[in-house]
Amino acid sequence: MDDRTYAAEAAPGEEVTVAGWVHEVRDLGGIAFLILRDTSGRIQVKFEKEAMADDLVETGLGAHRESVVSVTGAVEAEERAPTGVEVVPESVEVLAPADTELPLDPSGKVEAELSTRLDNRTLDLRRAEGQAVFEVRGEVLRAVRAAFRAHDATEINTPKIVATGTEGGTELFPITYFGREAFMNQSPQLFKQLVAGSNVERVFEIGPIFRAEEHNTPRHLNEATSIDFEGAFCDHHDAMDVCEAVVVAAYEAVAENCRDQLEALDLAEEFEPPEPPFPRLTYEAAIERLNATGALDEQLVWGDDFPTEGERALGRDVGGHYFVTDWPAEIKPFYIMDHDDDPDLSTGFDLMHPRMELVSGGQREHRREKLIEGFERQGLEPEAFEYYTEMFRYGMPPHAGWGLGGERLLMTMLELDNIREAVLFPRDRQRLSP
RNA sequence: GCCCGGGUGGUGUAGUGGCCCAUCAUACGACCCUGUCACGGUCGUGACGCGGGUUCAAAUCCCGCCUCGGGCGCCA
């Protein structure tokens, strides 16, 4: 296929071979048009029945929608054609026929439900919108990596099969590991800390996390992509700075490099990168502000977590991304450091989008004794985490970091209704294939 | 884990006890049409998730199962 030309690049005067899917055949009688679609766009192939060999016309017009065809012919400028050019075919080959009845309509004339789309993801991704989401996703990941590198962070990969859970609390998927009990990791948290404690110092990881919660919502997955950062000699303020930079970099890259995709998603008009710095509200201030909105039936008091409706109300009030800082120590995990001058207050922070939580982070407890106390307070057995706590004996620097839900970033960025749209093959409560 | 709402041709839908051997769109098949742009026109094929029950009568009401979606909790 060396001499294949993309639909969007076929120039008048050239002799080309274009290959792609039959998007539509419009047969007007004496003249007919086959719209061929590939990754770059569409191009029209013209069949003038009188002037062309019967078998050529038969092959071309007999191809069903979504069949894969290869067309060789001359490209001609034609202002009546949708893209200003059309191919006059000399030969047409059907490389792969498609069944006549499709499980969903890639031309988008008839909507399909999300579950139908996910069952037929290949066809779904032939829709311009589906293609656009994952092209944007690729750009986000590229931009995020570049932003981390600009902050001197090294990309790492940590195990997804582990002996113990990270934080307790959340449900883990159990597996059998050569006859021993093991789990799919819910977070790279402890591992990235162990690497931040080395000379590598600043690390990031983009990888899967697994959570066995049986929730059924448009914003949860059982396998998600976590974008994690951890930096030695960072405090929670530094971590928030990096977080902000990474999120903004993702938006800016999409604004700059994904115009066509935003167009396909009908977002081109309103798409705007968020303006740093994001407001940083303390938990206490956030509670007061939320209570003042009057959105909740019951006023929140110190120590409460924000209910879903509260997150949304506060999001509407703030109107953009914002951090919530200085959470009560009791509702943050053991590895988050508390303020020295107020042990009830933690350095934990969340980054919120008006629709939902995106990031959770904080400065970590690097003092071994305090860390072990924390384990005990949370009802975890420190012995199970010796591989982790032992390393705190040998010079663990102060460090901080965070984890960002990759799909949530994409979902909020592209205003997707359901997080499953942001994953090629989502894993949820009921979906295990494809 | 608790709670709520759905499942009708390939796809998306209308249909709250008889007006339904089920509506519309799209797809599919046949025919007509030489500039379509979601081409148009005529005709045609094609469906009530599964099982049980109520009733003279069930797509419609009830029960169970399967399945999908959503809300809360929790979280990324």
Side-chain angles (χ1 to χ4, degrees), chain A residues 23-35 42-52 57 62 64-66 78-84 86 98-120 123-124 127 166-171 186-189 206-228 243 305-312 331-333 350-353 355-361 402-412 417-420 422-423 428-431:
Chain A
H23 187 70
E24 192 163 42
V25 174
R26 300 189 187 124
D27 188 341
L28 278 62
I31 192 169
F33 304 104
L34 182 157
I35 314 299
R42 299 176 197 169
I43 192 164
Q44 175 164 292
V45 182
K46 173 176 70 175
F47 292 87
E48 281 184 298
K49 296 178 187 172
E50 295 286 311
M52 289 180 179
V57 172
H64 290 113
R65 290 158 75 239
E66 299 307 316
E78 172 54 70
E79 59 181 22
R80 289 173 294 183
T83 59
E86 63 188 11
D99 281 4
T100 52
E101 302 221 302
L102 304 169
L104 64 80
D105 172 18
S107 76
K109 281 183 237 175
V110 180
E111 294 288 306
E113 289 189 3
L114 184 57
S115 74
T116 304
R117 292 173 43 207
L118 295 175
D119 284 340
N120 302 279
L123 290 175
D124 185 44
R127 295 163 51 252
T166 304
E167 304 163 28
T170 186
E171 294 291 316
Q186 64 164 118
S187 158
Q189 179 61 36
I206 300 174
I209 56 172
F210 304 91
R211 305 204 171 170
E213 300 288 346
E214 297 195 44
H215 32 45
N216 193 4
T217 80
R219 60 188 183 284
H220 288 95
L221 293 165
N222 293 295
E223 177 176 355
T225 307
S226 185
I227 298 171
D228 269 87
C243 180
D305 209 340
F306 299 138
T308 304
E309 183 46 43
E311 284 184 359
R312 293 198 191 112
I331 56 175
K332 283 289 171 188
D350 286 357
L351 174 66
M352 307 295 300
H353 176 275
R355 284 177 71 192
M356 70 190 75
E357 179 180 341
L358 296 181
V359 170
S360 184
W402 44 263
L404 161 63
E407 285 80 16
R408 287 191 173 185
L409 175 64
L410 197 66
M411 174 187 186
T412 51
D417 290 334
N418 194 308
I419 197 164
R420 295 165 179 87
V423 191
D428 62 32
R429 171 74 197 282
Q430 34 264 331
R431 184 171 292 276

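Computed over heavy atoms, backbone and side chain alike; hydrogens, waters and symmetry mates excluded. Since we're looking at a predicted model, the values are computed, not measured. Letters A, B, ... mirror the listed sequences (proteins, then strands); counts begin at 1.
Nucleotide B:G29 is matched to B:C43 when pairs are restricted to Watson-Crick or G-U wobble geometry with both distances under 3.5 angstrom. Pairing for B:C61 goes to B:G53, judged as Watson-Crick or G-U wobble with the two contacts each under 3.5 Å. With a cut-off of 3.5 Å on both Watson-Crick or G-U wobble distances, the partner of B:C66 is given as B:G7. Checking B:G12 for Watson-Crick or G-U wobble geometry (two distances, each under 3.5 Å) identifies B:C24 as its partner.
For A:E357 and A:V25, each mapped to the nucleotide of RNA chain B holding its nearest heavy atom, the one lying further toward the 5' end belongs to A:V25. Of the two residues near RNA chain B, A:E311 and A:H64, the one whose nearest nucleotide lies more 5' is A:H64.
Neither side chain, A:Q44 nor A:T83, offers a donor N or O lying under 3.5 Å from an acceptor on the other.
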Heavy-atom protein contacts under 4.0 Å, nucleotides 68-74 of chain B, coded B base, S sugar-phosphate only, - none: SBBBSBB
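Under 3.5 Å, the side chain of A:R65 and the base of B:A27 form no donor-acceptor pair of N or O atoms. Under 3.5 Å, the side chain of A:Q44 and the base of B:U36 form at least one donor-acceptor pair of N or O atoms.
Taking atom CG of residue A:N120 and atom C1' of nucleotide B:G12, one finds them 14 Å apart after rounding to whole Å. A straight line from CD of A:E171 to P of B:A76 spans 15 Å, rounded to a whole angstrom. As a whole-Å value, the separation of A:D105 CG from B:A27 P is 7 Å. Rounded to whole Å, atom C1' of B:G41 lies 13 Å from atom CG of A:D27.
The side chain of A:K109 lies closest to B:A27 when the candidates are B:U34, B:A27, B:C28. In the set B:C28, B:A76, B:C37, B:A76 carries the atom at the smallest distance from any side-chain atom of A:R211. Across B:G35, B:A76, B:U26, the shortest atom-to-atom separation from the side chain of A:A224 is found for B:A76.
Residues satisfying the salt bridge (charged side-chain N to carboxylate O under 4.0 Å, His left out) criterion with A:R42, sequence neighbours excluded, are absent altogether.
Phosphate proximity of B:A76 to A:S360: present, with a side-chain N or O under 4.0 Å from OP1 or OP2.
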